[in-house]
Amino acid sequence: MNKNRLFYASCFALITTAFSFSIRAGIIPELELTFGLTSEQTGRINQMWFLGFPISMVLGGLLYNTIGPRLIMQFAFISHTIGIILTVYAGGYQTLLISTLLIGIGNGCTEAACNPVIADAFEGNKMNKLMNRFHMWFPGGIFLGGLISFFLGDQLNWSWQSLMWIIMIPTIIYAVLFWGQTFPKPRVTGPQSLLTNFKSMISFGFILILLCMFFTANTEFGPTYWIEKVLEGSGAKPMIVLSIVAGVMALVRYFGGVLVAIFKQPALMLGSSVLAIIGIYLFSSQSGFMLYVSAVIFAIGVGYYWPNMIGLVAERLPKTGAIGLSIVGGVGMVAAASLQPIIGRWIDTAKAEGEALGLIGAELDIYQGQETLQTMILFPSILVGLFIVLVIWHNRTSKIMV
C-alpha cells in the first residue's frame, strides 16, 4: 500500500470537486444569458451540485465497509466524466440540472472514499495534519479554478464550454493515481460495524456537530458560490476575490494542524465564526480595493471549518466510522443545497427592491449584492452561539463525545 500515492490521488480528486465549484461559479452569468435563466433557476441548478454530494456521500459511507473505496472512486470518475460532458453539450435548464447533479454525485463519492482512507491510513497528529492538507485542496483548487476562469474566460474570452473541459484534467489524474492501488482496511470491521457506527452517533456531541455543520457550510458556500452575482458592479473582480478567498483558505488549512494542537477544534472554530461575521459584513458594506481585504478576513474565518468538523469526528468518535464522516459532510451539503434557491430568491427580491427605488446599472448590482450579503450574516452569528456550547461541552468532559 502506497499511502502517499493514495493521499495525492485523494488531493487531485478534491481538486476536481473544487474546479467544478469555481469554474462553474465563473460561468453562471454566461449560463443565465445563454439559456435565459432567472437567479432562482440558477439557484436550483446550483442546488443539484450540493444535493448530489450528500446522496452519494451517505450511500458511499454506508457501503464503504462492504464495497471499499476503490469502487466508490471508480463510480466518482464515471459521474464526473458524464456530468462534464452533459454540461458542455447542455440543451437547456433540464439538462443542466441533470449534469450538475451527476457532478455533485461524483464529488460526494470523493468525500465518502477519501476522508476515511486518510483517517484509516494515518493516525493522531499526522492524521489531523493530513486531513487539513487534504481539505486544503478544495480552496486550493478553487484558487486555481478562479484564476483559470479569470484569465482564460475574462481576459482571453474562452467559451464556457472550453472552461468546463478543463475540469477533466484533474479527473483523469486522480483516476490514474488510484489505479492498481491497495487501500487501507477500515478500523471498525465485521458484521456489527454499521451497528457500532450508528450507536456511536447517538450522542449530544455528534448531534451538536451536525447542527454546527449545517451553518458552517452555508457560511462558507453562501457568499462564495454566488460571488459573481453578489459582487457585480462592486469595483472589484469577483473571480479575483474568489481566488483570494480560496488561496487564503488553502494557506490556513496547510498550517491548520498546528493551531488545532494549540487551541483544539471547538475554540478555533468559535474564533473563526467571529472573523466570518466581520468578513461578510465588510463584503456587504465596502467596495473596490477593500473587498480584497474583506476576502482575506472572510477566508481566515471559514478556512478552518470543514476539515476540523470532519477531523473532530475522526479523532473523537472513531467508532462512527466512514458513515459518521459521510453523514457530517452530507449534512453540510444538504444545508448548502437547501438554501441555494432561497439565496437566488433573495437576489431576485433585492433586485426588484432596487428597481423600485429607481436604481439602474452598477448601483442596482451593488444594492442587490449588499442586501443579500447582509442577510447571510445570520449564518455565522448563529454559529457563535453553537460553538460556545461546543467549547463548554469540550471543557466539561475528558472526551468531547462518548
Side-chain angles (χ1 to χ4, degrees), residues 1-17 20 52-83 101-124 126-128 130-131 133-135 137-138 170-201 306-307 310-311 313-315 317-333:
M1 178 176 62
N2 189 329
K3 293 182 180 181
N4 288 333
R5 182 166 170 172
L6 290 175
F7 177 73
Y8 295 139
S10 299
C11 291
F12 274 103
L14 198 56
I15 289 172
T16 301
T17 297
S20 76
F53 216 116
I55 290 173
S56 58
M57 197 171 183
V58 172
L59 286 175
L62 285 169
L63 297 173
Y64 185 87
N65 292 345
T66 303
I67 66 175
R70 182 191 307 280
L71 284 178
I72 296 173
M73 288 310 301
Q74 288 174 350
F75 189 76
F77 176 75
I78 294 170
S79 296
H80 278 142
T81 302
I82 296 175
L101 178 64
L102 285 171
I103 291 173
I105 287 173
N107 296 340
C109 288
T110 294
E111 285 278 332
C114 295
N115 279 320
V117 163
I118 294 170
D120 290 333
F122 304 95
E123 296 182 4
K126 187 167 186 179
M127 186 276 292
N128 275 323
L130 291 182
M131 191 68 78
R133 290 188 179 180
F134 165 59
H135 284 279
W137 284 109
F138 183 67
T171 304
I172 293 171
I173 291 174
Y174 82 68
V176 171
L177 287 175
F178 274 130
W179 185 266
Q181 290 302 296
T182 301
F183 290 82
K185 294 181 179 180
R187 293 185 187 179
V188 182
T189 58
Q192 298 300 316
S193 60
L194 269 182
L195 181 59
T196 301
N197 295 156
F198 283 113
K199 282 182 177 180
S200 298
M201 293 180 213
W306 198 278
I310 299 294
V313 176
E315 180 180 352
L317 281 172
K319 289 185 179 180
T320 60
I323 184 60
L325 301 180
S326 293
I327 286 178
V328 172
V331 164
M333 285 302 171

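Position 1 is the first residue of the sequence, and the numbers go up from there.
A donor-acceptor pair under 3.5 Å is formed between the side chain of R70 and the backbone N or O of Q181. Between the side chain of T110 and the backbone N or O of L14, no donor-acceptor pair lies under 3.5 Å. Using a distance-only test at 3.5 Å, with no hydrogens or angles considered, a donor-acceptor pair links the side chain of S20 to the main chain of T17.
A heavy-atom distance below 4.5 Å is found between the side chains of N115 and M131. Residues N65 and N197 meet the side-chain proximity criterion, which asks for heavy atoms closer than 4.5 Å. Side-chain contact between P184 and L6 is present, with heavy atoms from C-beta onward closer than 4.5 Å. Between F122 and I118, the closest side-chain pair of non-hydrogen atoms falls below 4.5 Å. Inter-residue side-chain proximity for C109 and Q74 is flagged as unmet; no heavy-atom pair is nearer than 4.5 Å. M201 has its side chain within reach of I323: a pair of non-hydrogen atoms, C-beta onward, lies under 4.5 Å apart. The side-chain heavy atoms of I55 and M333, taken from C-beta on, include no pair separated by under 4.5 Å.
The distance from the CZ atom of F198 to the OG1 atom of T320 is 10.5 Å, given to the nearest 0.5 Å. Rounded to the nearest 0.5 Å, atoms CG (L62) and OG (S326) are 8.0 Å apart. For the atom pair NE2 of H135 and SG of C114, the computed distance is 9.0 Å after rounding to the nearest 0.5 Å. Separation of atoms CD (E111) and CZ (F134) is listed at 5.5 Å; rounding is to 0.5 Å. Put simply, OG on S56 and CG on L101 are 9.0 Å apart, with the number rounded to the nearest 0.5 Å. A distance of 7.0 Å separates OG in S10 from CE in M73, rounded to the nearest 0.5 Å.
Judged as a side chain to side chain contact (heavy atoms under 4.5 Å, CB included), and not counting sequence neighbours, the contacts of L63 are I67. Qualifying side chain to side chain contact (heavy atoms under 4.5 Å, CB included) partners for P116, counting only residues two or more places apart in sequence or in other chains: Y64, D120, A322, L325. F77 is linked by a side chain to side chain contact (heavy atoms under 4.5 Å, CB included) to T81, T171, Y174, A175, counting only residues two or more places apart in sequence or in another chain.
G106 and H80 get closest at one heavy-atom pair: C-NE2, 3.4 Å. In terms of heavy-atom proximity, R5 sits nearest to V176 at NH2-O, 3.1 Å. Shown here for G329 and I310, the closest heavy-atom pair between the two residues is N-CD1, 4.1 Å. The minimum heavy-atom distance between S79 and L102, with the atom names listed, is CB-O, 3.4 Å.
Remark: F12 CZ is loosely packed, at most 12 non-hydrogen atoms of other residues, nucleotides or ligands lying under 6.0 Å away. The number of heavy-atom neighbours closer than 6.0 Å to CH2 of W306, taken from other residues, nucleotides and ligands shown, is above 12.
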(request) Quick one: do I327 and V313 satisfy side-chain contact (heavy atoms from CB on, under 4.5 Å)? Show the steps, please. (result) CA-CA 10 Å; I327 286 178; V313 176; over 6 Å; no

